[in-house]
Amino acid sequence: MQIGRKIIRLDSVDSTNNYIANLLKEGILEDGTVILADEQYAGRGQRNVEWLANPGENLTFSFFLRNVNLSVQNQFYLTCIVSISLVRLLNKFGLNAKIKWPNDIYIDQKKIAGVLIENQLSSLTVKSSIVGIGLNINQIEFNGMSATSVLKETGAQKLPMDVLYSYIELFNSNWSQFSEHMLPEIKSVYLSNLFQLNELKKYEDEGGIFEGKITDVLDSGHLIVDRAGIQKKYELKEISFKL
Ligand code: BTN
């Protein structure tokens, strides 16, 4: 199962994830189809936030994986492969990128890419997935947001389309090697690229701001934070990073 045999480029769309979801409903979506848009007018991020990107300057795309066949308890591994492929892509540009749990990509303290994965489940299995990626390429101004782009970090402009082809190649190579017996190895690559792993930093949960150290991420995708010697387990909406 490879992505990118079919690539559809749109001038403008609400959200490339929505576009794929609609094609899926209509039953006319080939496995591995990639949809990219020069402009999204209602781009979506995690935690119901908007994804804003200047038209034509960045990569905003989604792809469809028809036969994911991962058990729900291992669905986090797709997140790992998508994010590790982004880190490797940015490494190729000479950048030291990190994965901010669960799947934001950071350069130092600034976000360069975000991922929104929407899975279609059937009983306890992930049947198919819509993977949406926003990667800042040539944008310079982020209106005070703590964000960056490939151009800001390297000084070099890139054609978003060329970057997309490189990502497709990396993802296909990582995804084609994927099997359940590789889970420990994938997890260790994910952890070795994890932002703030084993560093004492500030976080916020329902009890307020505290200092802690990320020590692990479980197969279920939960984050483990050591807080004064006690290991606490968090879901996405339960903790935020205080950067
Ligand atoms: C996040 O960081 O919160 C996730 C951002 C994901 C943005 C991408 S852009 C392409 C795709 N279409 C969307 O509406 N969202 C994703």
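Whatever order the structure lists ligands and atoms in, that order sets their numbers, starting from 1.
At a 4.0 Å heavy-atom cut-off, ligand 1 does not touch Asn18 at all.
Where the criterion is an N or O separation shorter than 3.5 Å, residue side chain and backbone included, Lys111 meets it with respect to ligand 1. Checked against a 3.5 angstrom limit, the closest N/O atoms of Gln46 and ligand 1 fall inside it.
Of all protein heavy atoms, the one closest to atom 10 (C) of ligand 1 is Thr16 OG1, 3.3 Å.
The shortest separation from a heavy atom of Arg47 to ligand 1 is not under 4.0 Å, leaving the residue out of contact.
When each atom of ligand 1 is checked for a heavy atom of Arg44 under 4.0 Å away, the hits are 5 (C), 6 (C), 7 (C), 13 (C), 14 (O), 15 (N), 16 (C). For ligand 1 and Gly43, the ligand atoms under 4.0 Å from any heavy atom of the residue are 14 (O). Residue Gly45 approaches ligand 1 through these ligand atoms, each under 4.0 Å from one of its heavy atoms: 1 (C), 3 (O), 4 (C), 5 (C). Counting the atoms of ligand 1 from 1 in the order shown, those under 4.0 Å from a heavy atom of Ser15 are 12 (N), 13 (C), 14 (O).
Taking the six-membered ring where the residue is Trp, the centroids of Phe63 and Phe171 are separated by under 6.0 Å. For Tyr234 and Tyr203, the ring centers are positioned 6.0 Å apart or more.
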Exercise. What do the steps show when you test Asp38 against Arg9 for salt bridge (Lys or Arg N to Asp or Glu O under 4.0 Å), and what is the final call?
Worked result: CA-CA 8 Å; Asp38 288 343; Arg9 185 171 181 173; 3.3 Å; yes
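Between Lys237 and Asp205 there is no salt bridge, since no side-chain nitrogen of the basic residue lies less than 4.0 Å from a carboxylate oxygen of the acidic one. Using a cut-off of 4.0 Å between Lys/Arg side-chain N and Asp/Glu carboxylate O, Lys232 and Glu238 are scored as not salt-bridged.
Taking the ring centre of Phe93 as origin, the terminal cationic atom of Lys158 falls inside the region bounded by 6.0 Å and 45° from the ring axis.
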